[in-house]
Amino acid sequence: MGALLLLAGLGFGGLWLAHVRGWLPKGDDPWGRLDLAAPPGLFTGRQLRALIDDPLACVAVLKAARIDFTAMADQPISEGCGYADAVRWQGEKARFREPLALTCTMAAGLVLFERQVLQPAATAMLGSPVTRIEDYGTYNCRNIGREESRRRSEHAKANAIDLAGFTLANGHRITVAHDWGRKTPEGRLLARLRDGACGLFKVVLGPDFNADHRDHFHIDMGPFEACR
């Protein structure tokens, strides 16, 4: 609230001057470039989404944060499937089973999700950080819901991931299938993760959306917006 009042009080001219002089916290600068190491601010989500149309800036953001990733050769779009500006990445402290193929913006978003949402919430609510993330994959040439009559999924462009569960450093495992909606620390953690993801990604769909998502959160950076 303090940052919001400050920005409102500055006015456009004062805000632009503060941007030029570098006085604003990085996440609160509406013209600033995303810094994955900066605390979350009013414009962190906006800065992340700006990378969708600026793949070179996205790669620079990952490199500046010393993210361990490998750039992938483009796979030209054919019949709605393929990808460009994708990277291969396996996570930071919370690791995926194997390296993921996904767009650079999705990778940057997942870095933010782990640093700003996942690890703080798990440590505060369950007393242990997350070491493993379970997923149902990223790139997959298919339609939404695997139905022939529907449009291509964002998975068909490596622009989505399905998150199914999380394992803590103490060995405790939380899954969307078992813990979603429960009035337990695990259930409340999943609700916080869903809400936190909605502040970063364009689409976040879970069990409250439909039965197809009963055991995972679908997260993507496609052209639409939804948080369910």
Side-chain angles (χ1 to χ4, degrees), residues 33-36 44-115 117-118 132-166 176 197-198 200-206 209-210 212-213 215-227:
R33 176 173 290 184
L34 180 67
D35 183 340
L36 295 176
T44 298
R46 172 176 165 175
Q47 292 168 351
L48 171 64
R49 296 176 185 201
L51 299 179
I52 295 172
D53 299 318
D54 196 345
L56 292 179
C58 184
V59 169
V61 163
L62 293 183
K63 289 182 176 179
R66 301 182 183 277
I67 303 302
D68 184 15
F69 72 97
T70 302
M72 299 178 63
D74 290 352
Q75 181 169 315
I77 303 294
S78 175
E79 297 183 356
C81 295
Y83 48 77
D85 307 307
V87 301
R88 193 170 295 280
W89 175 74
Q90 198 171 358
E92 290 195 286
K93 294 181 180 179
R95 306 286 283 178
F96 294 92
R97 181 181 67 257
E98 58 186 23
L100 305 173
L102 70 174
T103 60
C104 180
T105 307
M106 279 295 299
L110 288 170
V111 171
L112 286 177
F113 176 71
E114 178 179 346
R115 293 181 176 185
V117 180
L118 178 63
R132 182 72 64 182
I133 302 176
E134 300 173 27
D135 72 280
Y136 289 157
T138 54
Y139 179 66
N140 189 338
C141 182
R142 63 173 175 83
N143 293 353
I144 294 175
R146 305 181 188 277
E147 299 176 13
E148 291 185 7
S149 62
R150 305 185 71 181
R151 64 178 176 82
R152 288 297 195 197
S153 166
E154 288 302 306
H155 285 283
K157 292 178 285 187
N159 201 34
I161 188 171
D162 292 335
L163 301 180
F166 309 89
V176 176
C198 287
L200 297 172
F201 299 93
K202 298 287 288 296
V203 170
V204 180
L205 303 176
F209 180 59
N210 63 19
D212 289 343
H213 297 81
D215 60 354
H216 67 276
F217 297 139
H218 167 92
I219 295 173
D220 75 49
M221 274 295 195
F224 304 105
E225 296 195 31
C227 175

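Every value quoted in this text rests on a predicted model; they were computed, and no experiment measured them. Basis for what follows: all heavy atoms, side chains included, without hydrogens, waters or symmetry-related copies.
Residues meeting the side-chain contact (heavy atoms from CB on, under 4.5 Å) test with Asp54, sequence neighbours left out: Leu56, Ala57. Remark: Ala160 pairs with Glu154, His155, His218, Asp220 by the side-chain contact (heavy atoms from CB on, under 4.5 Å) rule, at least two apart or across chains. Ile77 meets the side-chain contact (heavy atoms from CB on, under 4.5 Å) test with Lys157; sequence neighbours excluded.
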Working for side-chain contact (heavy atoms from CB on, under 4.5 Å), residues Trp89 and Leu62: CA-CA 11 Å; Trp89 175 74; Leu62 293 183; over 6 Å; no
Cys104/Leu51 under side-chain contact (heavy atoms from CB on, under 4.5 Å): CA gap, chis, key distance, verdict: CA-CA 8 Å; Cys104 180; Leu51 299 179; over 6 Å; no
Val204 vs Phe209, side-chain contact (heavy atoms from CB on, under 4.5 Å): CA-CA, chis, key distance, verdict: CA-CA 9 Å; Val204 180; Phe209 180 59; over 6 Å; no
Derivation and outcome, side-chain contact (heavy atoms from CB on, under 4.5 Å), residues Tyr139 and Cys81: CA-CA 9 Å; Tyr139 179 66; Cys81 295; 3.9 Å; yes
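Taken from CD1 in Ile219 to CG in Leu110, the straight-line distance is 6.5 Å, to the nearest 0.5 Å. For the atom pair Arg49 CZ and Leu200 CG, the distance stands at 8.0 Å (nearest 0.5 Å). Taking CG of Leu100 as the reference point, atom CD of Gln90 lies at 7.5 Å (rounded to 0.5 Å). To the nearest 0.5 Å, atom CZ of residue Arg95 and atom CZ of residue Arg132 are 8.0 Å apart. Within the model, atoms CD of Glu134 and NE2 of His216 stand 13.5 Å from one another, a figure rounded to the nearest 0.5 Å. Atom CG of Asp162 is separated from atom CG of Asp135 by 8.0 Å, given to the nearest 0.5 angstrom.
Across every non-hydrogen atom of Arg115 and Ala65, the tightest pair is NH2-O, 3.9 Å. Closest of all the heavy-atom pairs between Ala108 and Leu48 is CB-CD1, 3.9 Å. Of all heavy-atom pairs between Lys202 and Phe224, the closest is CB-O, 3.3 Å. Residues Phe113 and Ala197 approach most closely at CE1-CB, 3.9 Å, considering heavy atoms. Contact detail for Ala84 and Asp74: the closest heavy-atom pair is CA-OD1, 3.4 Å.
Using a 4.5 Å heavy-atom cutoff, the side chains of His213 and Val176 are not in contact. With contacts defined as side-chain heavy-atom distances shorter than 4.5 Å, the pair Gln47/Asp35 does not qualify. Residues Thr44 and Leu34 have side chains in contact (heavy-atom distance under 4.5 Å, counting atoms from C-beta outward). Proximity of Phe96 to Leu163: side-chain heavy atoms (C-beta onward) are separated by under 4.5 Å at one or more points. Leu102 places none of its side-chain heavy atoms less than 4.5 Å from the side chain of Tyr83. The side-chain heavy atoms of Val61 and Val111, taken from C-beta on, include no pair separated by under 4.5 Å.
Using a distance-only test at 3.5 Å, with no hydrogens or angles considered, no donor-acceptor pair links the side chain of Arg142 to the main chain of Ala156. Of the possible polar contacts, none joining the Glu92 side chain to the Glu114 backbone as a donor-acceptor pair under 3.5 Å is found.
Heavy-atom contacts from other residues, nucleotides or ligands closer than 6.0 Å to CZ of Arg33 number 12 or fewer. Other residues, nucleotides and ligands contribute at most 12 non-hydrogen atoms within 6.0 Å of the CG atom of Asp68.
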